[in-house]
Each structure stands twice: as structure tokens, then as C-alpha cells.
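Because only heavy atoms are used, hydrogens play no part in the values below, and waters and symmetry mates are left out as well, while side chains stay in. So you know, we letter chains A, B, ... as the sequences are listed, proteins then strands, and number each from 1. Bear in mind that the values here come from a model prediction, so they are computed numbers and not experimental data.
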Amino acid sequence: MIVGNYLAAAALFLLGLFTVLSRRNLVKIVMGLSLMESSTYLLLISMAYRSGSTAPVLLSPPSGSTEQSLARGNVADPVLQNFCLTAIVIGVAVTAVFLSVVVRVAQHQRSTDSDQVRGMRG
Amino acid sequence: MTGRQESHDEHGRHRTWAAVALVAGMAVLLLLAVTDLPREAAPLPTVAREAMTSALPAWGSTEPVSVVVYGSRGFDTFGETFLLLAAVASVLLLTRRRERRAGFQGEEVAATRERSEQDPHPTSGRNEREARAAEREEEREDSDGPDASWSVPPRLPGLTVVVQGAARVLAPALAVAGLYLFAFGSSPGGGFPAGGVALGVLLLLYAAFGRHLVRQVTSAAGVEVVELAGAAVIVLIAVVGLVAEGSLTANWLPLTRPGGFRSGGILQPFSGAELVEVGTGLVLVTFALLDLRHDWADDTPEGPGREQ
Amino acid sequence: MSLFWLLDYVCLALLLACAFLVVVLRNLSGAVMALSATGGLLTFVFVLLGAPDDAHAEAVVGAVALPTLYLVALGKIRTDVEDAGDIGEVDAHPADPGSGS
Amino acid sequence: MRTVVAALLVLVGLWFSLSGAVGVLRMPDVYSRVQSGTKAITMGALPVLLASAVATGVTSYNTSRAVLIGLLIAITNPAASHALVRAAYRAGIPQWSGAVRDDGHRHEPDRSR
Amino acid sequence: MTGLMGTAALLELLVVGVLVVRLAAGPTVSDRIVALNAISTQITLSLVCLAIWADRSLYLDVGLWLGSFSYLGTLLWARFLERGLL
């Protein structure tokens, strides 16, 4: 059933890719990149899930289990969640870099249309 | 105008079809790749099992994700922090203001030296110094004052009193909760989200009260020092681990009872340094983008966006 | 289908709907808002799949950091781009006659 | 007994949430949409939070969080809507053509604050 | 009891579906902000129900953060709307 999540992540990635390829507005292109980042997060978290698992946090375990039993029990993969955490922070930083480039381009070229920007090259 | 628009639309349609074709190809690839991934019935990998079972005995922390982030994969987090630092540096570089290059660089220093050679005992120094100070002050106010740009609606200092009241209630609560998020690393949280909360508190104050309240806190010069200090703390933690325990990001602090503030050994200071790093990085990036002005005046000689 | 997967799929459907909005909305502010909604729904999926840490980070990023960055950029761009038809407050093609400004 | 109370509270909350959402969808202009977006949605939130407190017992960890979330929503939702409506009015978004009163202009001198 | 709360979470999410229509259609930015704010509130409520259903009180914290940040987001949007830039 988790394959539905994988497919949703793929669809999200494709939507982002379509935006990057087909839209002319530079801000829209950056949004497409944000969507692609989101799809990565979704894929990582979906891959971390195991059927019937709970969060890999030992504090206040669900009723009927202790910290020790939870550590050996059915939990989601903490390593993949950690990858996702790293990816989220890097995603924000990268978006900020993209957006400052876009703003500079808009100030310089008086347009955010990628065709016009390319046309004024050289 | 319309003709140009139409030709653009024509071009845009071609582009859409090309995009659809490429996306369809990518879709097939992704479909093949994604259906072949391990499903939810697969057993946990050994690494994950090891992280789960060693979190409590070896690190004294009830949060395996933090253990992985700051402990077992600490070196990766270290590298990722410096990636963040690089991103912040590039945003600052992109948004910096044009330097004043009207004159010859170092003119003032040379002039002072020359003057002191010619006249070693300046008598009218006081007046001149005051005048210069006043001039500098004026210059500073000029460049730092409210945005006198065109087409910008009149800027009010902040939003209404209702919003300000709610912000007064919420900002301290958010700040305390953000500190809780970092301090009790035994619950989910840690440096990354708490750094985001720091940005949130500053933005709340900025949105409700206006720029002047946060100008001191968000000046790039001060925040950069704090950010580099955070990076230095991370390096220090790693180096002490290398010297004392023989490996980077080894735990060299005593373990305490799990669930408390000091549980988890070096995880907490590492997390705090990450909080500083991420928080200052996001603040620097956001407010640098916010303070960005027009400064490529060359291509519009009499454009209204021209500075000075 | 159990309740868990029902929740998961409903949330994913909403997520994809919001992502689709990001792509098709001509109004850039609206697209940013759809992106923000995507972040919120992603937070829910994260909690559902047992990743509260990532949910914390995503909540902060989706609700505050990304919209702020995009809004700042849109505000900066608006004063520079002449044919800023789709940055404004109303859609470029006013669908509702009562809303033109 | 507890389950029945929680179920009733959840139903009440859901009813208000749904009517708020339908109001946001169907109302004719921004100013009326904000009405349902604030009042009905906030009113939909509080019973559900109460139900969550009832369902797990009043002394549990959930209750403190539920109270906190409830306070937060009760403070912030009206303030946010206030800011939003004011901004919308200033931005010149017109009222519904069927509106009979516009008291906003009386407060326009406030703009110079 | 637990099934009740899971169903409640599902229904709150379905309310989000109604609001997404307004997010898509809203002729002005303000309409969309109203919808976005309501969506955040609904997701928060859904998270509260989910936390009880999954029997992890940790999840409630996420709802708390989402609720407080939705206010901040709306405030930023209102500021943007009022003066055209942030």
C-alpha cells in the first residue's frame, strides 16, 4: 500500500519537472524546484515507514509498551528521517539562493520571462 | 504588442508539448524505479536497528533521530552546516549593495598622511572633525533611512494595535517554546526546527511592529559573527572529540539520566550550535533579501530606481 | 482499506491537488499560497508516517520560511517588471466581475 | 459514557467546521467570507479540542496541549482576520454589490497613524 | 474510542478539500488567505485527532506549532497585501 505514497511522490516530482520545463516565469520555475524538493521529502519519509510502525521516539511510548520494547519494536527508520531533515534545511537555503538570483535578474533585465531574459543574452 | 504576445504563446505551446514529452518519458522511468523500491513489509535495515537500540544505552537519549543527526552521522551534519554557510554567503554576496567607488580607493588615508606630513600640528582639527562626523552621520541616515523608492506605497511602521497585542502575547511564548524544542532533545525537535522558530519570532516582531524593532538584531555584521561563532563551536566539539576520544563527534561529555536537559552528552551542545547556525543563517538570508536594493544603475541612467 | 491508508490517500490527494494548483495558477501570490498549503499537508503526512521531527521542520519551513522568501522576492520584483500581470492582487483574467480593482 | 460525550463534541465541532468551510466557499465577497472563516472555524476547533481532552482523561498530557492549542487559536484567529480584513480594505477590494453599508471610510483618517 | 478519533481526523481532512476549492477559485488574494488560514486550522485539528488515534502525545506538539505558525503566515500575507511588499 505504501506504493501509493511512492507514486504520489513521483507525481509530485513530475509536476515540479513540468513546471520547470514549461513555465516561462522565473519565479514559477523556482516553485517547480520547491515542488521537486517536496517530492524528495515525501519519498524519504515513505521509505522510512514500516507497516504498523510508530515514530522512532522513545519518549512517552504508546500504552502497553516501554522504552526498551519500543526500541526493539516496530518503528519507522530513523536514518531516512534524518536524511529528510537534512534535505529540508538545505532545500530552504537553496530556494533562498535561487530567489535572490531571480530578483537580481529581474532588476537587471526588467523582466522575469525566461525567454526575454535569454533573448537579451550577450 | 499583441503580435509579440501571440508569437510568445506559439513558442509557449511548443514548449508545453516538449515538456509533456519529456515528463512522460520521466514518468515511465520513475514508475519503473518507484515500484521496485522496498515496501513497508521489508525488515528495518541494520543501521536503523542499530541506531534504535543503541540510542538509550550508548547515548542516554530517548530520541534516536537526534542521535543519528548529531551523533552517528554527526560528520555529515557538520558538512551540511557548512553547505548552509556557503548558501548564506552566496545570498549575502548576491544581495550586497554597490560599493561607493566614486573616488580612488584609499584616498582618505593618503590625504591624511600627506596632510600630516605637510602640517604636523593641525590646529583647526576640532571643527573639521565635527563637520566630518556630521557628514558621515548624514550619509548613514541617507542610506539607511526609510525606503524613498518610487511606486512603493507609504510605509507604516507596523500593523494595527490588535495585531501588535497578539504579537506581544505570542512572541515570548513562541521564543520559549522554541527554546524548549531545542533544550529537551529527548522529545522530537532539535537545532533545525528551533532555528526556524527563531526566524519565526523575528518575522512576527517585524511584521507587527516594523523594521526598526528588529534592525539591531538583524544587522548582517552582528549576526554573521554569531553564525561564525556557532560554526566554531561545532568545530570545537568535533576537535575535542578527536583529541579526547580518538574520533570526530565521539561523546566526551558524561551521560546523565535520559529525559533531562543534559541527557545525550555532546548531542545537546551540538544541537545548540546547530540552532545558532540555522537560526542565524535563515535570519541572514531573509533579511538580506528584504534589504536588497536596486543597485545596478548602469542600464537605466534616468530610471526611477536609480540610487543617489 | 484500513483507516490509516484512507487518511494517507486522502491527504496525498489533497497534496497533489495543491501541487497542481501551484503549477496552473497564473497568479503568483496564489501559487505561493498553494505551495504553503502543500507544506501543511506534507506536515500531516509526515506525522501520519511517524516522523514528528521532520514534521516540525516542515511546519516551520512550509508555513513561514518559504512564503516569506517568495513574498519578499515578489515584492522586490513587482517594482521592476513592467508586464507584471500576474503578480498583482487579482487574477490576470478576472473571472468574477465583482472583484476587479 | 466518555466515548459518547467525545463523539457528540466531535460532531458539533465538525458541523461548525463544515459550515465554516461552506461559508468560505459560498459567501459573495471577501468580507463575508472572513466572517465564516473566523467565527465558524474557531467554533469548530474548540469542541474538537475539548473532545480530545475528554477522550483521554482530563489529567493527561493531551489536555494541557489541547488547552494550549485552544488558547492559541482563540487569540490568533481573530487577530489574523482583523489584519487581513484591514489589509483587504486598504488594498481596495470592493464589497459585494448587494452590500448596504460601508463604514470603513469613517476610519480612514487612521491611515496617517 | 480510537476509531472515533481516526474518523474525526479523516472528516477534518475532508473539510480541507472544500477549502482547497476556494484556494483554487478565489478571485482575490484575500480570499485565498482566508482559505489558507482555515486550512491550517483544519490540519491542526486533524493532527490533534490523529495524535489520540495513534496514541502518541508527541504528535500534539506538531499541531501546536502548525497553529502558531499559521497566524504568523497570515500576518505576513496581510502585510504583503497592505503594502505590496513585505
> Between A:Val97, A:Val79, A:Asn74, A:Leu14, which residue shows the highest count of heavy-atom pairs closer than 4.5 Å to chain B?
Replying inline: A:Leu14
>> Is the shortest side-chain heavy-atom distance between A:Phe83 and A:Leu80 below 4.5 Å?
In response: yes
> When heavy-atom pairs shorter than 4.5 Å are enumerated against chain A, which of B:Ala55, B:Ala42, B:Ala51, B:Ser72 gives the highest number?
Replying inline: B:Ala42
> A:Leu70 versus chain B, heavy atoms under 4.5 Å apart: side chain, backbone, both or neither?
Replying inline: backbone
> With a 4.5 angstrom heavy-atom cut-off, which part of A:Val101 approaches chain B: side chain, backbone, both or neither?
Replying inline: both
>> Can you tell me if B:Phe75 has over 12 outside heavy atoms packed within less than 6.0 Å of its CZ?
In response: no
> Would you say the side chain of B:Leu267 lies within less than 4.5 Å of the side chain of B:Glu63, judging by non-hydrogen atoms?
Replying inline: no
> Checking heavy atoms, do the side chain of A:Val75, its backbone, both or neither come under 4.5 Å from chain B?
Replying inline: both
> Are any of the side-chain heavy atoms of A:Leu99 and A:Val30 separated by less than 4.5 Å?
Replying inline: yes
>> Looking only at heavy atoms and a cut-off of under 4.5 Å, which of A:Ala76, A:Ser51, A:Gly52, A:Ala9 has the most pairs with chain B?
In response: A:Ser51
> Looking at B:Val278, B:Leu292, B:Leu22, B:Val20, which one has more heavy-atom pairs under 4.5 Å with chain A than the rest?
Replying inline: B:Leu292
> Is it the side chain or the backbone of A:Val103 that comes within 4.5 Å of chain B heavy atoms, both, or neither?
Replying inline: side chain
>> Is the shortest side-chain heavy-atom distance between B:Phe192 and A:Ile88 below 4.5 Å?
In response: no
>> Please identify which of these residues, B:Leu30, B:Val23, B:Val34, meets the side chain to side chain contact (heavy atoms under 4.5 Å, CB included) condition with A:Phe13.
In response: B:Leu30
>> Is the shortest side-chain heavy-atom distance between A:Leu26 and A:Ile29 below 4.5 Å?
In response: yes
> Of all of A:Gln81, A:Met1, A:Arg23, which one pairs up most often with chain B through heavy atoms under 4.5 Å apart?
Replying inline: A:Met1
>> With a 4.5 angstrom heavy-atom cut-off, is it the side chain or the backbone of B:Pro43 that approaches chain A, or both, or neither?
In response: backbone
> Can you name the nearest heavy-atom pair linking A:Ala93 to B:Ala87, along with the distance?
Replying inline: CB-CB, 3.6 Å
> Of the listed residues (B:Val88, B:Thr35, B:Thr53, B:Leu44), which shares the most heavy-atom pairs with chain A below a 4.5 Å separation?
Replying inline: B:Leu44
